[in-house]
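What follows is a short report on a single structure.
Residue numbers start from 1 in every chain, and the chains themselves are labelled A, B, ... in the order their sequence lines are given, proteins ahead of strands.
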Amino acid sequence: MATTTHIADRTPGPKRAPASSHGPLVIRRRRSARGRRSATLTVLTGLVLVYTLLPLVWLAINATKTQEGLLDSFGLWFADDFALFDNIGATFAYNDGIFARWLLNTLLYVIAGAGGATMLATLGGYGLAKFDFPGKKAVFAVVIGAVAVPGTALAVPTFLMFSNLGLTDTPWAVIIPTLVSPFGLYLMWTFATDAVPREILEAARVDGAGEFRTFFGISLPLLAPGIVTVLLFNVVGTWNNYFLPLIMLKDPDWYPLTIGLKAWNQQAATTGGEAVFNLVITGSLLTIVPLIAAFLLLQRYWQSGLAAGSVKE
Amino acid sequence: MAITRRHALVLGAALTMSFTAACGSSSGGAGDSGAAKPATTVSDADLQNALNTGGTIKVWAWEPTLKQVVADFQAKYPKVKVDLVNAGSGNDQYTALQNAIKAGSGVPDVAQVEYFALPQFALGKSLADLNAFGADKLASTFTPGPWNSVHTGEGIYGLPMDSGPMALFYNKEVFDKHDIAVPTTWDEYVAAAEKLHKADPKAYITSDTGDAGFTTSMIWQAGGKPYTVNGTTVGVDFTDPGVQKFTATWQKLIDGKLLSPVTGWTDAWYKGLGDGTIATLVVGAWMPANLESGVKAASGKWRVAPMPQWEAGGKATAENGGSSLAIPEAGTNKNLAYAFIKYANVEQGVQTRIDGGAFPATTAHLKDPAFLNKEFPYFDGQKANEVLAASAGQVVGGWSYLPFQVYANSIFNDTVGKAYTSATPLQDALKAWQDASVKYGQEQGFTIQQ
């Protein structure tokens, strides 16, 4: 049925329908839009899906191979030996078990950095949305401007600044810059503007609640979807952060997973270095597992978070 | 591979590389600072004293055998703590080192610096001149190639850790299968390349997509001297006859599509070395350790032969790769640092590293019968060190790298890389590299002789 309407839509006819038939035409269009299937769109979506999933499939398949199997076998199918669990064991055992340390470092940077950034963005965004003060427009301009500056451009000046403070090669050098998230602040600001009605705040104040009680008791639950959204952005950003730790850290004991895995990968290209492509691939797979878990767990909140505030009632 | 961030690295390198070179141009350079050698100011007794007093030194190095050296050193001198840090290999480490030097904090006491990169740091006055420790007395300890490489003018800016005299590594199984003789000259090498690729279209004599270290080493062997360095006066000339010898031969391989289009040191490259589609490597003597750990599949198939020659019966080789241990000028405990690099590169540490698979730069070890007679199971019992040690004594003298070679190498693929992928002749591509290097040198304040 859907196909017939589709074809009917495309049958040649007068370009402009007479005014009298305008009503039924709209109804027919709406119905057809709901049931329409386009082969082109399906193929296109399928292509994008394959393009997106293929690297993941490759990663999962190749994590099951030994170093030799990796070089001998076809990339998109399994080798004869299934070495996934050996590889996972070897990944955690290699270099005196430094992978576990990198994992913990990454968690530290995510909890302290992304968590802290989300907290600051929530407090700041709420304050900017709900309180009026002179210079608010200037703050707005600064925040929007800061969103436009890519982190990479700030890396070298940040490095020199932290170096003068004597903080390079310490976890602080990764955590402190991560705490600043202009995009998160901006997102919380717009979100709080709509999600927390001024009337509720006024009612609470009239009832005698202090600002802290109002914030924690009333505003925070209303802000939850926005907080989760900002948290997710920050977690993903911090988890994948590469350039900042690359220039700040030299001590492998403080590397996050991204830098550590690259060091393992690069080892294949040095004199006397051991090629451990199988461990790099298994390590990469292990690295994305927590991110996938975070997405699946927070997805529900995130979706409602994106939609909230987009429609005025 | 899943994770390569080469672009980010090049950006980082480009941003920071200007720092040292800029320092170099303003300070006049070490080479022309005077003919008088700096007097020895630190005696052996001072070094012994530093070892007895103890302390902590930070060492930035990626060389894997140093781990055992550090353990032995700490056992011998219990009051000394060596903090061995792998701050990234090659360019990553140089970027980090230059950042630290520029920032004035976090500078290690000892750093691994490859020979090609040493002049850049030396001229920037970033490294201590080891003449102050009497390093000039070690001339007979090391083979001429690496010993020459640690010098800039009269200054000695590192102690040679390993060396890379070149040899021909070849897959005997592939050669036997197609009845190809092991080439002794470069003409024979080209002929072997043609025969092999004709017999098996999937197989190539070697892979090359443009590698600065390999190209300069080949020009070195051909007697070319494209770089002349005298303090801050630098000459770059890729039209010299030695360069042309190399380009004429290599162009034949490029034109005949006889080079595997696989980039070196990638997973595909390791794969090719294992399955016989990359049949030879002309590379430094440190390669056995990499073959043993990275290409296990081809164990027993590979052999080592002398490097092919430009003239039949010739005996000329070049260095490829190799690193020194150097002491940054900003390091805090130089006496202890020197005591450590002497232990690692002159004393007991050398044997420890050889046992771990490294190729030494010390004459005594290269003549040691135990070293020469070692049979490599990977090479089916061949005494590979005999070939490699012979090469160490035949390195062509008088080669020098640019005082901004780290930068020059980083742009090699943007310029010379084109010769491998388009119709640009290799000789013209090298001219483009020359122009780009000259431009950068001038921007950094070097006097360029054209």
Sort by residue number and list every residue of residues 168-177 of chain A having at least one heavy atom under 4.5 Å from chain B. Thr168(A), Asp169(A)

Between Tyr270(B) and Phe277(A), is there a donor-acceptor pair closer than 3.5 Å when you use the side chain of the first and the backbone of the second? no

Looking at chain A, which one of Ala289(B), Ser323(B), Ser293(B) has the largest number of heavy-atom pairs inside 4.5 Å, strictly under? Ser293(B)

Ala103(B) to Asn164(A) - nearest heavy-atom pair and separation: O-OD1, 4.4 Å

CG of Asp80(A): more than 12 outside heavy atoms within 6.0 angstrom? no

Salt bridge check, Lys58(B) against Asp251(A): does any charged N sit closer than 4.0 Å to a carboxylate O? no

At their closest point, which heavy atom of Ser163(A) faces which heavy atom of Ser105(B), and how far apart are they? OG-OG, 3.1 Å

Which bit of Thr66(A) is near chain B, if near means a heavy-atom gap under 4.5 Å: side chain, backbone, both or neither? neither

Testing the basics here: between Lys102(B) and Leu160(A), what is the closest heavy-atom pair and its distance to 0.1 Å? CG-CD2, 4.4 Å

Before accepting this row, confirm whether a basic side-chain N of the pair Lys262(A)/Asp92(B) lies closer than 4.0 Å to the acidic partner's carboxylate O. yes

Honestly, the part of Asp83(B) sitting under 4.5 Å from a heavy atom of chain A is neither

Closest non-hydrogen atom pair between Thr270(A) and Asn290(B), with its separation: O-ND2, 2.9 Å

Under a 4.5 Å heavy-atom cut-off, does chain B meet the side chain of Ala268(A), its backbone, both or neither? both

Given a strict heavy-atom distance threshold of 4.5 Å, which part of Trp269(B) is in contact with chain A: side chain, backbone, both, or neither? neither

Is atom CD of Glu292(B) surrounded by more than 12 heavy atoms (other residues, nucleotides or ligands) closer than 6.0 Å? yes

Based on non-hydrogen pairs under 4.5 Å, which of Ala96(B), Ala297(B), Gly284(B), Pro108(B) is most in contact with chain A? Ala96(B)

Please report the shortest heavy-atom distance between Gln266(A) and Ser89(B), naming the atom on each side. OE1-OG, 3.7 Å

Could you tell me whether Phe214(B) atom CZ has more than 12 heavy atoms of other residues or ligands within 6.0 Å of it? yes

Can you tell which part of Ala358(B) gets under 4.5 Å to a heavy atom of chain A, answering side chain, backbone, both or neither? neither

CH2 on Trp264(A) to CG on Asn86(B), rounded to 0.5 Å: 12.5 Å

With a 4.5 angstrom heavy-atom cut-off, which part of Glu274(A) approaches chain B: side chain, backbone, both or neither? both

